[in-house]
Structure formats: C-alpha cells, structure tokens
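To find a chain, count down the sequence lines: A is the first, B the second, and so on, and within it residues start at 1.
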2 protein chains.
Amino acid sequence: MTSALDFMLAARRSEMQALQALSVTCALVVQVSRLVHALQRERGYSNFCLGGQAATHVKMLDELSQQAREQEQVVRGALGQIDLEDSTSADKAQLYTRIAYALHALDGLPGLRQRVREETVTASEATRQFSRLVAALLAVVFEAADTAVDPRVTRALAALFNFMQGKELAGQERATGVAGFMAGFFDATLQDRLRFLQDGQQRCFESFTESADDVARTAWEQLCGAELVEQIERLRQVAVRTTSAQRVQGELGDLWFDLTSARMDTMKQIEDQLADGLQQLCAQQTRKAKADLDNQRRLLRQLDQLDRDAGQGAPRLYNVQATDLQALPGEAPGGEVNRSLLDALHDQTQRLQQLQDELEQARETLNERKLVERAKGLLMSQHGLNEEEAYRTLQNAAMERGQRLAEVARTVLEHSSQRKPS
Amino acid sequence: MTSALDFMLAARRSEMQALQALSVTCALVVQVSRLVHALQRERGYSNFCLGGQAATHVKMLDELSQQAREQEQVVRGALGQIDLEDSTSADKAQLYTRIAYALHALDGLPGLRQRVREETVTASEATRQFSRLVAALLAVVFEAADTAVDPRVTRALAALFNFMQGKELAGQERATGVAGFMAGFFDATLQDRLRFLQDGQQRCFESFTESADDVARTAWEQLCGAELVEQIERLRQVAVRTTSAQRVQGELGDLWFDLTSARMDTMKQIEDQLADGLQQLCAQQTRKAKADLDNQRRLLRQLDQLDRDAGQGAPRLYNVQATDLQALPGEAPGGEVNRSLLDALHDQTQRLQQLQDELEQARETLNERKLVERAKGLLMSQHGLNEEEAYRTLQNAAMERGQRLAEVARTVLEHSSQRKPS
C-alpha cells in the first residue's frame, strides 16, 4: 500500500526532477544565446558584403559564418541531450514546438549563406531572414522562461530573455542607423523604424531591470551612464533632424557603427554574466532541492515512526488548524520530536503555495509581453498592419488612455474574442 | 541529429502522455467521489448513534462503515496505480501533497470509528472529524482539476468538484437542520451556520452550472424545480423564525431529514453522471490525441520529404507571416501537397495557444475559489475568526462595495502581502 509518506516524498522528488529538467533547458538556453550572438555578427557582415563591400569583408564573414556553424553544432548537440521519449509534461509541447520552429529555421541557413555569397539576395532581405531566425531562437528562450517551475530561475531566464531581445533590437537599430547615415538622411520609414526600435529597447531593458539581480543591473546602469551611450544619443538626435534637404556626411555612418558596436560588445559581456549566473543558479537550486529531499526523507521516517508509536488512537491528524506554521527544523537534532508528520505536510503545503505565488509574480513581465505580442499579431492580421504600425497603434491608445501597454493589449484581445461567432 | 520533425512529434506525444496521466488522475477522482459519499452516509449514522439512537441505528452504521472501508480500499488501490517514480512534472508536487494529506487523514479513521462505538466522542466532534476527512478528499479533487492540462477535462473536473462541495455543504445543512428541529428551535449559532451553509451551496452550484455540460445542468435544474426542494425551502423559512420562545415540534426533524436525504440521493445520481461523463471524456480526449499523433506522424513524414525534394534553396521557411491559418487537412488526401512543414508548425503553435487560452478560462472558477479560500484562511489566522465569521466578513465587504467575493478576497490578500516586512 502506498502511504502518505510515499506521496509526500514523491512530491519532493517531483520538485527535484522538475529542477533537473530545468537545468537541461537552461544549459540549452545559454548555448542558444551564444548562437544568437554569432548570428547577429554574421548578419552585420553579410550586410556589408551585400552593400558592395564584399572585397574588404568577405574574409571576416567567412570566419563569422564558421563560428556560427560551430555554435549551431553545440546547440544541436544540446538538443540531442533532451530525452524526447521522457516527456510527460504537457508544458513541453509548447517548448518543443518552439524548438522545432528554430531547427526548421536553422535548416534554411546554408541556403541563405550561399545566396549571400552569390549576391542573389538583397541586403534587406538577408537581414530580414537572419532576423527571423534570431526571433525563432529568442522564442525558445522565452518559452523556457515561461515554462520554468522555479521562481528564481524564471526570474533569471526572464532577465536573460529581455536582455537578449533588447540587444537584438539594438543590433537592428545599428543596421538601420548605418543605412540612414550612409544615405545621408533618414526618410520617414527609417525614422519610424528607428523610433520603433528605440522604444522596443526601452521596454525590454525596463523589463530586464525588473527581473535582473543586482550585479547585472549595476553593470547595465554603468553602461547606460557611459560616455559612449551619450554619444550614441547625440547621433540619434542628429538622425531625427535629417531630411532629404538636410543631409549629413556619410562618414557619420562609420562613427555610428563603431559606437553602437562598442555598446553591443559591452552588452555581450552582460549577457554572458547573465548566462553564467543562470547556470550557477540552476545548479544551486537543484543541489538545494536534493539536500531538502534527503533531509525530508530522514525526518519523515522518524516522524512516521513517532506517529506509529503514538498509536492509532491519537487524533493529532485532525489538528490542521491548530498547528503553527514554523519552518521544518531541518538539521536541528531533537527538534522533530515535537512535530508530527501532519506538521510537515502542512509546511509543505504552505511552501508550495508560496512557490506558486512567487512563480506567478516572476512570470508577470512575461505575461505582459505575451499580451502585447498577441494584440500586435491580431492587429496585423485583422487590419493588414505591419509590426511597427501595430505597435504604434497600441502605443498611441496607451498614451491617450493613460494606460499601460499590456492593459491596452488585453482590451484589444477581449474585444476581438467577443466579436468571434460562438 | 534531432530534427525539427522529431521535436514537433515529441510535442504531440507530450500532449498525449499528459492526457494519459490525466486519465489516471480522473479515475482516481471518480473513486474518491464515491468514498466521499460513503463517508457522508457514515457520518450521518454516526451522529444518530452518538445522539442516543445507537440501538436503532448501529446495525446500519456497521454496514455503512463496511461500505466506506471497501471503497477506501478501492481508492488506495487506485493510488497504488500511480507510478511515483515517474513524476517529472512539478505540478505533481501539489497533487501528491494533497493525496498525502488525505491518506494521513484516512489513517485516523479506524480510531475514530472505535471512539464512535465506545461513545467516547461527542456527536459534534465526530462530525467535525468526518468533515475534515471529507475536506481533505475534496482537496484532492480540487487539485486534480487545478492541474489538469485539457480545457474540457478541467471543466468537467471543476463541475464535479463544485458539485461535490455543494453536496457536502448540503449534507452539513441536513445535520444542522436535524440538530435545530430536534431541539425545537435554532439559536443564533445554528442560524448563522444554516445561512453560511446555504450561501456556500449557492456559490458552489452557481460555479457548477458555469462548468457543467447540458445534461448535468438540465438534471440539476430539474432537481431545483422539484416539489421536494420547495418543501425544503419552506422548512428553511420555518427554521429562521424559530427562537427559544417560539419553538416547533421535534417531529419536523424527521421530515427535514427525509426531505434533505431525498434531495441528496438525487444529487448522488447527478454526481455519478458527472463522474461517468468525466471518464468518457478522458477516454475520448486521449483517443483523439492518439489519432492526431498518428495522423501528424504520417503527414509530417510526407511534408518533410516534400521539403527535402524542394531542395535546400527554397526559403519557404521564412514565410511565417504569409501562411494562412487554416486547420491541418488531416485525412484529406492530396491536400498536404500545398502545405509545408512550416504550415504544420504554425498550426500547432496556434492550436497550443488556443488550448492555453481555453485552459485559463476553464480554471477561472477554480482560481476565484482559491482566492476566497486563502483570504478566509488569512482572516482566520490574523483575526482569530472561525470559518463562518471569516466568510461573513468577506461577504459583507462584497455587499458594501458592490464587488464580487473574489475581488474582495484579492484585495484582502494584496493588503496583507503589502504589510509583510520584506
């Protein structure tokens, strides 16, 4: 017969196994973040080559493509580590679908590289295809964060995701800036795009600072206060004032590229810190869960014996309301004598409840992001808007009503579901 | 190398395995509902025996105890079916902890039965202990509903849970009514208790009708309109008007018991329908997931081949935005020719998103219940109120502010977490 004790220990074991599975996911995420970085660099140099500077840059491009290929193999290796037969959680369905997307996108990469070398693709089309691939990889990181079961790990994953997303938008801003400065001015489309990318970065880094630990936040604040960033800000102001009649010199493009690249290099360092921190955290939480399980196992056997010694007649079992909510004494020897199995059960319930609350809090920025993305998707499909227009529509509505973006997004989605025929 | 296809199929398989695990949980829930019913009957007759009618009722009590013991063995057998080693989902931690609680409570049952026979426990204490055990079993059903991964199954579990909870309160109302009518009048405590139990039933059955299917809802509406229920309502009015100065005849107690028992018997029939429906639904959803997986497997192999035939150069992969959102053609032969693996991936993402939305909707009544229960618990521990007083406090606040109970509960919980030292 399976006893109360068996189920209580199984609950603990289930927590620990979930953490172990999460460690595997996090190791994958770390490798994905490196692949994204490699692809961002390859994208930049593909642009140079397609922009008529192939002679100067093709050697560097080949080197970067090779680096990206090697990192792709690392990611594919990490994916191979996942035991696909052992997937009893329905949560995995979403993560696996995102991974399938990303793998499918990666399968198209050799073809894209070939077209870049043959110059049978335009710079903007190549950028678009690289960016789609990066987006597919970022979606894996997002899903990993969204399905993580430990509040602290969720927070660390959310911080990493938001940072990666912000860095990706920074990379796109770099490319847009290069295009505008090289042309001598920013037309309405480029101006819109710059604003969209800058707003997006701000949102991402705000969400990042909400979830990040102190070390990462401090590193980020230092970068924000750096001379470098002030100079970028001045160039942004210059870009806004250009028109076809008021042009600037093309050399500003080189300056812009150097400054924004230096900023992205620092971002990469922070990203690496976040990735390292994530892995340490996973290892630490798993060790802790393991130790808790061992303690619990020892303690419960003792409590069970005490309960049996006390005899079947003792109705301690029904004193749920009366028990105090102190934590388990854990290592304290002798402390357990005054506690019953029921107290331990009560503690476990309280602890799981608290974990659940913390998890919901940790997921808040992720949930808001989901709302905004879905509202954007809805506006795009229903009104034929592009992503920037859809975002601008939400943003304007938010400003008019003095609401947060996520609230406006929720309203948009609710209205739409009400209009659906039932 | 693991391919996009492997992950896509693994996602489907993960969904199916989760449904299979859910079927096991539902089978357990059905047996738990029968055990609860057996315990409710045993509780009633234990009360008779402790209320001085042992001679007339002890034989029936022994029979009922035996039935409950047999059903307990069935439940323990179903628990033994759960593979505790194979628990990779952290969700299981909560369900297992509830089960451990329930098992521990069941372990105390032989002792309680003995004290009932020896008449070394009062009727009200025995009732309290039986009710705690029933509450522990109901908590298992609640947790099963709260962690179910299929929206339709979640809805069916929520309907069953709310119905069981309503029936339990009806059982407690029966006992309270018997006590009051036998005494000739209802003092303030009994009046409060009656009101609390009647309000609680109303809430439960409202939630039930929100989640139930048409058959169960119709059966319930028929019962609500029955002559029997009108008579019970009249006796409720009589109970409210009694005082120590305005008494009624004790025989009303027998009438009350017969009427409320007949009502509970009909409830039991509806409960059984709900349980049957739940099991059919589980089997049906699992069969469907299995068939989907088989179709998907066949289709994906074909699509994969088509994609390979089209050659690596074809960038279909990047047409995410351009694909339409039609459902997979499934069985339609030939239809798949125009579809790529990417379309299938896109459909899967849409479907999972929709499932997730429906799941959140299906959990709404459960989430509201959690809020109310936690706010009640907080008021009980912080202000030393009993459950009825805590509930009354919330209810009064809801009436004053014109808010729903769940909203008031949320406010109470938010205030409390703000006051916590951080």
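Interface remark: A/Q20 contributes no atoms to any contact with chain B (heavy atom separation under 4.5 Å). Of the two parts of A/L5, neither the backbone nor the side chain holds a non-hydrogen atom closer than 4.5 Å to a non-hydrogen atom of chain B.
At a threshold of 4.0 Å, the pair A/D357-B/R374 counts as salt-bridged, since one of the basic side-chain nitrogens sits closer than that to a carboxylate oxygen.
Judged purely by distance below 3.5 Å, without hydrogens or angles, the side chains of B/Q350 and B/Q354 never pair a donor atom with an acceptor atom. Defined by atom type and a distance below 3.5 Å, a donor-acceptor pair is missing between the side-chain atoms of A/Q129 and A/R43. A side-chain donor-acceptor contact under 3.5 Å links B/T286 and B/S23.
No other option in B/M8, B/R98, B/Q114, B/Q353 has as many heavy-atom pairs under 4.5 Å with chain A as B/Q353. Among the candidates A/L9, A/I82, A/T97, the residue making the largest number of heavy-atom pairs closer than 4.5 Å to chain B is A/T97.
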